[in-house]
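To start, the structure itself, in structure tokens.
All ligand and atom numbering here is 1-based and tracks the order in the structure. We number each residue from 1, following the sequence as shown.
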Amino acid sequence: MTAVLGDLSVRLENPTVKWVAAGAAATGGLYLAVKYSWFRKNPFYVFSGKTGAMAKDLVDSGINSYNKFFDQEDGKGVGDRILSTPEFVNKFYSLITDFYEYGWGESFHFAAREVGESFEASIIRQETAIAETIGLKPGMKALDIGCGVGGPMRNIVKATGGHVTGITINEYQVGRCKKLNKEAGLADLTEIVQGNFMDLSKVFKANTFDGAYAIEAACHASNTAALYKEVFQVLKPGALFSSYEWLRTSKYDKNNKIHVDVVDGIAEGNALPEVRTIEECIAAAKEAGFEVQYTFDRATTGGVPWQAAMKSARRAAYLTHILTGVLEFIRFAPKGTQAVHTMLLKAAVNLEKGGDLGIFSPMYLIVMRKPTA
Ligand SMILES: C[S@@+](CC[C@H](N)C(=O)[O-])C[C@H]1O[C@@H](n2cnc3c(N)ncnc32)[C@H](O)[C@@H]1O
């Protein structure tokens, strides 16, 4: 690798190579700038001093401190320190929200896909399916726990006519969500709150919601039972709560180094305290006082594995990776941008492996009811 880099720097001293490289960099930069600007619908946002979620000068230190956090844990996940640090998850989402929205869409989750079904259709079907499990309909109010920029919320409101309140720890996501809800004409049927879902009972009154759902968000909870207890408090008696959980399946073998490394990699690349087992999750629901209605692994349904979407996006991801480097090189993107993308690529590789090995599911559905008495 050092030899290759040395060779590259010698070649860059050649004026022709230098100009070709500069031309390629400028073209790449322009390409990405246009794409980002188009995406943000604001051609001048790149000059505003913000990358979107984070002030430009904080991106580098943000990703460095994120990576350092995991280095210190020597590949064993984030350990105990994250248990009281939702700020850590907040920092993660400040770093990656734009990348997710740019590369994946307004919904930050996976989907079980049928053969011939488009990615977008499968995402919407995944969302409406969870709304059906809680029986959301017009006149009802549901809580979306860890709502991202609100892709699921908007699709669910459109499909059901119910009202959805979302909560996310990340302020930038709140702004994006509000804007996108308004643009979609759904401001009246949606609300968005910035807050820690581990403190739901401080944010909302007891017995407020007719239902609740969490899509690939409870995995960030420092403790699943503690989160479920909070949800329990704010639900009306008899109301249903469904969650797509990120869990280790029964195929996970704690004595298999590959399994351990893949799951650690998933935790590291996604700001998770750990990846829990199915049994731990069901026990957490019961401990919180819920009646578990049913559970099933949605990852085992559909003809196309959920991780296939990442495999097909790989070429675009590598292209984006090169372009983030180019943009950083020409100082168009803030220092640290490519390092954030590197983290996301590592996360994607481990998620794919976890899916291929069948040791991990990002959509283990658990449906719970708060007892009426
Ligand atoms: C993978 S994203 C999923 C977002 C959304 N459910 C979707 O599918 O598009 C996880 C979400 O959980 C939120 N989150 C994580 N920890 C949180 C906490 N302690 N309190 C509130 N939100 C949190 C993040 O801000 C993010 O919006």
Under 4.0 Å from a heavy atom of [X]: which atoms of ligand 1 are those, numbered in the order shown and with their elements?
{"X": "Asn196", "answer": "18 (C), 19 (N), 20 (N)"}
{"X": "His109", "answer": "8 (O)"}
{"X": "Pro152", "answer": "7 (C), 8 (O), 9 (O)"}
{"X": "Cys147", "answer": "4 (C), 5 (C)"}
{"X": "Gly148", "answer": "4 (C), 5 (C), 27 (O)"}
{"X": "Gly195", "answer": "20 (N), 21 (C)"}
{"X": "Ser107", "answer": "9 (O)"}

Looking only at distance, does [X] have an N or O less than 3.5 Å from an N or O of ligand 1?
{"X": "Ile167", "answer": "no"}
{"X": "Glu216", "answer": "no"}
{"X": "Ala217", "answer": "no"}
{"X": "Met198", "answer": "no"}

Please tell me if the side chains of [X] and [Y] come closer than 4.5 Å, counting only heavy atoms from C-beta onward.
{"X": "Trp246", "Y": "Glu216", "answer": "yes"}
{"X": "Tyr100", "Y": "Thr97", "answer": "no"}
{"X": "Leu180", "Y": "Glu101", "answer": "yes"}

### Task
Indicate yes or no: does Glu117 engage Arg125 in a salt bridge with an N to O separation below 4.0 Å.
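Yes, Glu117 and Arg125 are salt-bridged.
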### Query
Is it true that Glu230 and Lys202 make a salt bridge, defined as a side-chain N closer than 4.0 Å to a carboxylate O?
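No salt bridge links Glu230 with Lys202.
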Protein heavy-atom partner closest to [atom] - residue, atom, separation in Å:
{"atom": "atom 6 (N) of ligand 1", "answer": "Gly146 O, 2.8 Å"}
{"atom": "atom 9 (O) of ligand 1", "answer": "Phe108 N, 2.7 Å"}
{"atom": "atom 20 (N) of ligand 1", "answer": "Phe197 N, 2.8 Å"}
{"atom": "atom 27 (O) of ligand 1", "answer": "Gln173 OE1, 2.7 Å"}

### Task
Assess whether side-chain contact (heavy atoms from CB on, under 4.5 Å) is satisfied between His220 and Leu272, documenting all intermediate values.
CA-CA 5 Å; His220 289 293; Leu272 308 182; 3.6 Å; yes
### Phe360 and Tyr252 aromatic centres sub-6.0 Å
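Between Tyr252 and Phe360, which both carry aromatic rings, the centre distance is not below 6.0 Å.
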Closest to [atom] (judged by heavy-atom distance), picking from [options]:
{"atom": "atom 25 (O) of ligand 1", "options": "Val89, Thr168, Ile130", "result": "Thr168"}
{"atom": "atom 22 (N) of ligand 1", "options": "Ile169, Ile215, Leu227, Leu272", "result": "Ile169"}
{"atom": "atom 1 (C) of ligand 1", "options": "Tyr93, Trp104, Tyr100", "result": "Tyr93"}

### Rounded distance (nearest 0.5 Å) linking atom CG of Leu365 with atom OG1 of Thr133
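Separation between the atoms: 5.5 Å.
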### Message
I'd like to know if the side chain of Lys251 pairs up with that of Asn256 as donor and acceptor (distance under 3.5 Å, no hydrogens or angles considered).
### Response
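There is no such pair between these side chains.
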### Asp210: which of Lys137, Lys141, Lys370, Lys236 passes salt bridge (Lys or Arg N to Asp or Glu O under 4.0 Å)
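Looking at Lys137, Lys141, Lys370, Lys236, the match for Asp210 under the salt bridge (Lys or Arg N to Asp or Glu O under 4.0 Å) is Lys236.
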#### Entry: Heavy-atom pair with the smallest gap, counting every atom of Gly358 and Thr249
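Nearest heavy atoms, Gly358 then Thr249: O-OG1, 2.6 Å.
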